[in-house]
Protein chains: 2
Amino acid sequence: MRRPTLEAVAARAGVSRATASRVVNGQTTVAPHIRDAVQRAIDELGYVPNSAARSLVTQRTDSIALVVSEPPTRVFSEDPLFSTVIRSASVELEAVNKQVVLMLASSAESHARVERYIAGGHVDGVMLISMHGADPLPAALSRLRVPVVSYGRPAVPVDIPYVDNDNVGGAELAVRHLVAAGRRRIATIAGPQDMIGGQDRLAGYRSVLRDSDRRSIVAVGDFTRESGAVAMRQLLGDDPALDAVFVANDLMAVGALQSLRQAGRRVPDDVAVVGFDDIEAAKYTEPPLTTVRHPVAEQAAAMVRLLLGLFGGGPADPVILPTELVVRESA
Amino acid sequence: MRRPTLEAVAARAGVSRATASRVVNGQTTVAPHIRDAVQRAIDELGYVPNSAARSLVTQRTDSIALVVSEPPTRVFSEDPLFSTVIRSASVELEAVNKQVVLMLASSAESHARVERYIAGGHVDGVMLISMHGADPLPAALSRLRVPVVSYGRPAVPVDIPYVDNDNVGGAELAVRHLVAAGRRRIATIAGPQDMIGGQDRLAGYRSVLRDSDRRSIVAVGDFTRESGAVAMRQLLGDDPALDAVFVANDLMAVGALQSLRQAGRRVPDDVAVVGFDDIEAAKYTEPPLTTVRHPVAEQAAAMVRLLLGLFGGGPADPVILPTELVVRESA
DNA sequence: GATGTCCGTGAGAGCGCTCTCTCGGTAGAG
DNA sequence: CTCTACCGAGAGAGCGCTCTCACGGACATC
């Protein structure tokens, strides 16, 4: 009991396979009554084109790899942003009838597998979400002859077009807000320095502090809630008189709020806190978290558009999306 | 500049295409020195089999669709469990060299697309994650001639093997814990009644209350934090003397804790709270949440094994995984 | 009426692979 | 030394589709 082939459709409609193919592919050079006959045969037989046969001859697969390359710590796939990125990219690709092939690359072994798969021409293009700096994947993929785009600027300089949010600008926004509120001793809990987001947000913090003649007070976390709590305790030890802290992501900010509460500091009265990301949970902290919002879904969608543009010979220029300060009660 | 074909490998190794194919597919009926020669040719040419050509003849694609069918409210893809399921299933499938094709089905239009795609034989099997009862997809897919398994028991009775956790048993665990602690007026915040998880957890609650001769006090939420907060306020209005509440998921429990705090109730002194899911955030609530843990990653992995088993003519029996009560401070 | 143009249709090659069938060669048995 | 058995390798068909090219008929032009 095999699925009907184009041959069967053609036979039933009394035309040649070539004509049936034309109808299936929506070519206009087919006489209306013939097109109708073929269409009827297609419906009656429940014909669906065999994609393997099609891509064998067209050399296209109509599927796109979404490669998530995360550090061994699994930071990203536990991140609430993960779902949003996946979802938005999928929706956008499905709108143009491309399939999403999801690939996780965490171990060296899986890296090799991904590379082999991509090299095998199974996909028309690659969307790469790489979360750590030492990742060899961006470089490796850019060497293959497949269009590749990246979610977020690759940590190593490599010739891949990317879509990122304005991490530096967002951090500046946050810190300027603290400066404008009259805070004097503004600390930061930075993210991992092998991630671009970690680096850039710290750079933004530094640049504003420099301009406003304040001393920088830095602790480093790894973007997890727990690390934020630890870093906050450390900062309070380093400078008990600090009156503000810019935290490089909301997850760490939640941890920081916890430590501040335990240390008896009131937020924002004693210490103002600004986070980054505007995750769902930021609305529900005590007090609600002032944070920097960046358009995650839109960034993913822009990445898809960038890739699709590449197919059409479009520009390969990076896209930087603006960030926005969301003022709640913590600062 | 085309990719090398098997023909090229064969030519270089001085053998026939058939023999080269045997080497590529690891057949043992090839003389060692010939196998080595072919292998060398493969390496030198950087040969990678063309999957389209291969699946054209084998009628297999080695890819599996992961269909996420969520209600229009997008409950699931915002759920922290989402990432875990996706991740675990991917890892498990990649271990056996199958590709994961991710498909989101929310609108009726995307349902049709998914059905067409599956019917088109693009995948060897389907893993279905359906989150709402009225979903026509399970029934539709079970009609196609493709192996299908479901993450969670389908809401409508349909002949699809599935893997689920013991929702009823888990709820019973939770409520028995409250009974054992001497709580007299035990309320519940139930999940949506068009989801299996919502129904079963309520059923578990009811069965224990019945056995222990207590009155049930029920409010219904939709598994979001906000709905949990609303439901809790409502419950306090209905029965100000309630001394415990079983909440059908942690997200709602977080909202409930918030409402309790606002109402001046101490947890667990005045009101004990038990959640369900054991999400990451449950550790960080004030006080930390007692909850029912179920093995999400393992459930996803079991689903993959179930599907792979189906390919080999294995059993199609549902798998139910046990749950476990995690006692923290809220009850 | 012959020639040219254009448009819709069919014939057929070929995409790269797997797999069956066949065949040649070697070894063991008689 | 011949016959049978077996095993490794090659020939070739065919998976279902697209696409180029050739062809035939309708119509316009000279």
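In what follows, chains are A, B, ... by sequence order, proteins preceding strands, each numbered from 1.
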| task | With heavy atoms under 4.0 Å as the rule, sort Val30(B) into base, sugar-phosphate or nothing. | result | sugar-phosphate
B/S/- along nucleotides 10-17 of chain C (protein heavy atoms under 4.0 Å) is BBBB-BBB
To the nearest angstrom, the NE2-P distance between His33(A) and dT9(C) comes to 7 Å
Axis-to-axis angle for the helix from dG1(C)-dC30(D) to dG30(C)-dC1(D), ends of five pairs each, to 10°, equals 50°
>> Tell me whether Gln299(B) contacts the main-chain N or O of Tyr151(B) through its side chain, where contact means a donor paired with an acceptor under 3.5 Å.
In response: no
Pair Asp135(B)-Ser69(B), side-chain donor/acceptor within less than 3.5 Å: yes
message = Quiz question: by atom type and distance under 3.5 Å, do the side chains of Asp159(A) and Ser142(A) form a donor-acceptor pair?
response = no
Should we say atom CD of Gln59(A) is surrounded by more than 12 heavy atoms from elsewhere, each under 6.0 Å from it?
yes
Gln27(A) CD to dT18(D) C1', in whole Å, measures 9 Å
Are Asp166(B) and His294(B) close enough that a side-chain donor and a side-chain acceptor fall under 3.5 Å?
no
**Study point:** Side chain Asn165(A), main chain Leu321(A), donor-acceptor under 3.5 Å
**Key:** no
Residues at least two apart in sequence or cross-chain that pass ring pair (Phe, Tyr, Trp, His ring centres under 6.0 Å) with Tyr117(A), listed by chain then number, are His122(A)
Do NZ/NE/NH1/NH2 and the carboxylate oxygens of Lys98(B) and Asp62(B) come within less than 4.0 Å? yes
Between CD1 of Ile34(A) and P of dG8(C) the distance, given in whole Å, is 10 Å
